[in-house]
Amino acid sequence: ARRFKLCVHNYYKETKIVKKKTKGLICQILFIVVVVALWEIVASQFAKEGNANLFPSFKTIFEKMIWGFTEKDFGGIMIHSLSLMLEGLGIGIVLAIILSGLSVISDSFAAVYNMIVSMFDLIPGIALISAIIIFLYGQNDIAIVILVIHSVVWPMSRSIIDGFNAVPKLYLEVGQNIGLSPVKLLFGVFIPAAMPRIFSGIKVGWARAWRGLISAEMVFGGAGTIGM
């Protein structure tokens, strides 16, 4: 009887969860349908006034996308841009992990690096475009990669450092009692314990990498260089 009641309880619980998810999915679909309908209504009004290019319909957008991929090599341009973004993201992740790890090993480095992160994390990548063009590499792929690295390394470092600071002291004391060096503490205690924050930092870095890429190509694309 007890097992039967438990099975019934679990069944109703799972049914309730499924209903909730289904309701949420239906609401999302209805929202998308309403947005598409409103979009088409506004696009038709612009078309009647002879300004279809100012607010194109979904049909026009789809046709232009097909034309771009078949006639203008949009696919190659997108792959090129994504490769630059992934390159900068990868370098930024590695730098963030290394520099944040050094801040655990050395208190002096931690004080300086925390100050640097606090300053540079507030600077948007687009604010550095002029300096990168003038003083570094001009309008080319290296400049875009540098901008993406800047967009990634600081917020990810902040997330990793916060994760290191949240490691329970008990873990550190156990590691120190068994004779682990600072480097072994980093790889054996800090990084495994802070893994959720590291993955959270990677997600933030992914979003910032897109922002950095778009910021760079707003300028470099307009200036005639290859990009999206």
Side-chain angles (χ1 to χ4, degrees), residues 13-14 17 20-21 24 28 78-79 81-129 131-132 136-137 141-217 228:
K13 185 177 180 180
E14 292 177 0
I17 294 174
K20 185 177 180 180
K21 291 183 178 180
Q28 292 174 352
M78 289 178 61
I79 292 173
S81 297
L82 289 174
S83 66
L84 296 178
M85 191 268 288
L86 292 175
E87 182 180 351
L89 177 63
I91 296 174
I93 290 173
V94 172
L95 285 176
I97 293 175
I98 292 174
L99 295 174
S100 301
L102 290 175
S103 68
V104 171
I105 296 173
S106 172
D107 292 337
S108 300
F109 183 85
V112 175
Y113 188 60
N114 283 329
M115 180 185 66
I116 293 174
V117 170
S118 298
M119 291 189 300
F120 281 91
D121 189 29
L122 301 176
I123 301 176
I126 196 170
L128 300 177
I129 290 180
I132 293 173
L136 294 177
Y137 299 101
D141 292 349
I142 298 177
I144 295 177
V145 172
I146 291 174
L147 190 60
V148 173
I149 292 172
H150 164 79
S151 301
V152 171
V153 67
W154 311 121
M156 186 169 177
S157 293
R158 182 181 294 278
S159 180
I160 294 174
I161 291 172
D162 290 342
F164 287 165
N165 292 333
V167 174
K169 292 184 178 180
L170 178 62
Y171 295 174
L172 303 179
E173 292 174 354
V174 171
Q176 291 169 352
N177 288 336
I178 63 177
L180 294 180
S181 64
V183 176
K184 291 183 178 179
L185 275 175
L186 173 64
F187 289 99
V189 178
F190 280 103
I191 291 180
M195 197 60 69
R197 293 292 185 95
I198 293 176
F199 281 113
S200 177
I202 291 175
K203 291 195 295 184
V204 174
W206 171 258
R208 291 290 189 94
W210 275 108
R211 289 172 55 182
L213 177 67
I214 293 171
S215 299
E217 294 196 341
M228 290 193 293

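Along the sequence shown, the residues carry numbers beginning at 1. Just so you know, these numbers use all the heavy atoms, side chains as well, and skip hydrogens, waters and symmetry mates.
Residues F109 and L99 share a closest heavy-atom pair of CE2-O, 3.2 Å. Nearest heavy-atom pair across G212 and S151 is CA-OG, 3.5 Å. Here the closest non-hydrogen pair linking V148 and A209 is CG1-CB, 3.8 Å. In terms of heavy-atom proximity, A193 sits nearest to V167 at CB-CG2, 3.8 Å. Among all heavy-atom pairs drawn from M156 and I198, the shortest one is CE-O, 4.1 Å. V204 and P155 make their closest contact through CG1-CB, 3.9 Å (heavy atoms, listed as atom of the first residue, atom of the second, distance).
Contacts classified as salt bridge (Lys or Arg N to Asp or Glu O under 4.0 Å) and involving residues 184-207 (residues at least two apart or in different chains) are not found. Legend: salt bridge (Lys or Arg N to Asp or Glu O under 4.0 Å) pairs involving residues 117-129, not counting sequence neighbours, sorted by first then second residue: D121-R158, D121-R208. Sorted by first and then second residue, the pairs that involve residues 99-116 and meet side-chain hydrogen bond (donor to acceptor under 3.5 Å, both in side chains), not counting sequence neighbours, are Y113-S157.
Remark: L89 CG to L84 CG distance equals 12.5 Å, nearest 0.5 Å. Of the inter-residue distances, the one linking I97 atom CD1 with I202 atom CD1 reads 6.0 Å to the nearest 0.5 angstrom. Annotation: the span from M85 atom CE to I144 atom CD1 amounts to 12.0 Å, rounded to 0.5 Å. From I191, atom CD1 reaches atom CG of L186 across 4.0 Å, with rounding to the nearest 0.5 Å. Atom OG of residue S159 and atom CZ of residue F199 lie 11.5 Å apart, to the nearest 0.5 angstrom.
Residues I214 and R211 have side chains not in contact (no heavy-atom distance under 4.5 Å, counting atoms from C-beta outward).
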### Query
For W206 and V152, what are the C-alpha separation, side-chain angles and deciding distance, and is it a side-chain contact (heavy atoms from CB on, under 4.5 Å)?
CA-CA 7 Å; W206 171 258; V152 171; over 6 Å; no
### Task
Check step by step if side-chain contact (heavy atoms from CB on, under 4.5 Å) holds for W154 and I116.
CA-CA 9 Å; W154 311 121; I116 293 174; 3.8 Å; yes
### Task
Could you walk me through whether Y171 and L185 pass side-chain contact (heavy atoms from CB on, under 4.5 Å), step by step?
CA-CA 9 Å; Y171 295 174; L185 275 175; over 6 Å; no
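The main-chain N or O of P196 is never found under 3.5 Å from a side-chain atom of S200 such that the two would form a donor-acceptor pair. With hydrogens and angles ignored, the 3.5 Å screen pairs a side-chain donor or acceptor of H150 with a backbone N or O of I123.
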